[in-house]
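Below you'll find the structure, written out as structure tokens, and then a few comments.
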Amino acid sequence: MSDDDEHFETRAIHAGQEPDEETGALMTPIYANSTYKQDAPGEHRGYEYSRTGNPTRTDLEANLASLEGGDYGRCFASGMAAINTVLNLLEAGDHVVAGNDVYGGTHRIFTQVYEEYDLEFDFVDTTDHDEVRDAMRESTELLWVETPTNPLMNVNDIGALADVAHDYDALCAVDNTFATPYLQRPLEFGADIVCHSLTKYLGGHSDLVAGALVTDDEDLDERLAFYQNSVGATPSPFDCFLVLRGTKSLGVRMDRHCENAQELAEWLDAHDHVEHVFYPGLESHPDHDLAAEQMDGFGGMLSFELDASLDEASDFVGETEVFTLAESLGGVESLIEQPAAMTHAAIPKEEREAAGLTDPLIRASIGIEHVDDLKADLQQAMDAVF
Ligand SMILES: *Cc1c(COP(=O)(O)O)cnc(C)c1O
């Protein structure tokens, strides 16, 4: 296990992992076991059954905890399974305040699964702290924060929101999927729980689905571990192995994601067929200063509004060749999508427009290909449509 005072890039490669004692094998093996030999009844060596604990998962959990600057990590079969586990902490009658532009799956599990279990949810503009305060109640147990948000890249002030939550004795959970711990570590700003879809940047290669929670509170971790084991939505050892492989290169990947996204954001911002670019790295972004303070880089996600109809925007995303038309994000390859027709199509048009999700809005996950090829691809798609 590496030292806490080592740099991020060093911990990304070493934290939670030691060469195998017996063979010297450098990489954590895929422990494909369901069960473990006990030395005597009830006397085991830390592992009894792989839903409860698996050595490949243990190494990943320690690695992620180190990267987020927390003491405890828990991994799950998906980001949604991780989010579900946070909700397992609550009881019927409890109230939750969340951002009004949270990930669609988060909105769905809140309103279509947990409202049925008598949890109550309010969705507010989390950039407006008065609005957040007004929504807090005696029964509020959780404030759910995402930053930057999807797809409009609003930036929320984690420290200020954690303070609001704590004033009401509520937990503050931050979904850190878009930023990654390389760029932003919510626990440093007072958040209680950090949540991840490992499917995105931490895995980094679009070849797995997994999730994680990190905290520095031992009691909280014990409760999360109880639900992790009781509900059983745990990741396979193979997927844990893949994420461990992904986190090793997180720093260099994120540097390139950020560099490419910044250059493309500036290029799009100056483009005739682009109405508006949403990227916190642009000085014109309303939350640019906050992002610069809270984050170590502005990330690889950007959105832009074409000067086009819904159909023209659909044609545009269909014409790209280096960018692949697909949902999801955070892999080494660039992806492009049209929220109104894809990720956010389930939101009624009027609600969508009111939230700023117009028909010609395009969201892109900027990969680590050569930026000139990405630029040329967007230009040829524009030439094909306009
Ligand atoms: C993808 C995503 C999730 C859900 O994660 P899965 O691994 O797909 O279950 C949650 N939050 C954000 C911000 C995401 O992008």
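Each ligand, and each atom within it, is numbered from 1 in the order the structure gives. Start at 1 with the first residue, then count along the sequence.
In terms of polar-atom proximity, Glu146 is not counted as a contact of ligand 1, lacking any N or O under 3.5 Å from an N or O of the ligand. Between Gly79 and ligand 1, at least one N/O pair is under 3.5 Å apart. For ligand 1, the polar-atom distance check against Asp175 finds a nitrogen or oxygen pair separated by under 3.5 Å. Of the N or O atoms in Met80, one or more lie within a sub-3.5 Å distance of an N or O in ligand 1.
The aromatic rings of Tyr114 and Tyr117 sit tilted, their planes meeting at an angle between 30° and 60°.
If you check which protein heavy atom lies closest to atom 7 (O) of ligand 1, you get Thr199 OG1, 2.6 Å. In this structure, atom 4 (C) of ligand 1 lies nearest to the protein heavy atom Tyr103 CE2, 3.4 Å. For atom 14 (C) of ligand 1, the closest heavy atom belonging to the protein is Lys200 NZ, 3.0 Å.
Between His288 and Phe298, the ring centre distance stays below 6.0 Å.
Remark: the Glu337 side chain and the Thr343 side chain contain an N/O donor-acceptor pair separated by less than 3.5 Å. Counting only N and O atoms by type, the side chains of Tyr47 and Thr52 include no donor and acceptor under 3.5 Å apart.
Ser334 pairs in a side chain to side chain contact (heavy atoms under 4.5 Å, CB included) with only one of the listed residues (Thr320, Leu378, Leu374), which is Leu374.
You'll find the side chain of Phe76 stays beyond 4.5 Å of the side chain of Ile83, heavy atoms only.
Ligand 1 lies within reach of Ala210, whose nearest heavy atom is under 4.0 Å from it.
Using a cut-off of 4.0 Å between Lys/Arg side-chain N and Asp/Glu carboxylate O, Arg11 and Glu6 are scored as not salt-bridged.
Listed by atom number, the atoms of ligand 1 under 4.0 Å from Phe178 heavy atoms are 15 (O). Of all atoms in ligand 1, numbered sequentially from 1 with element shown, those under 4.0 Å from a heavy atom of Ser78 are 7 (O), 9 (O).
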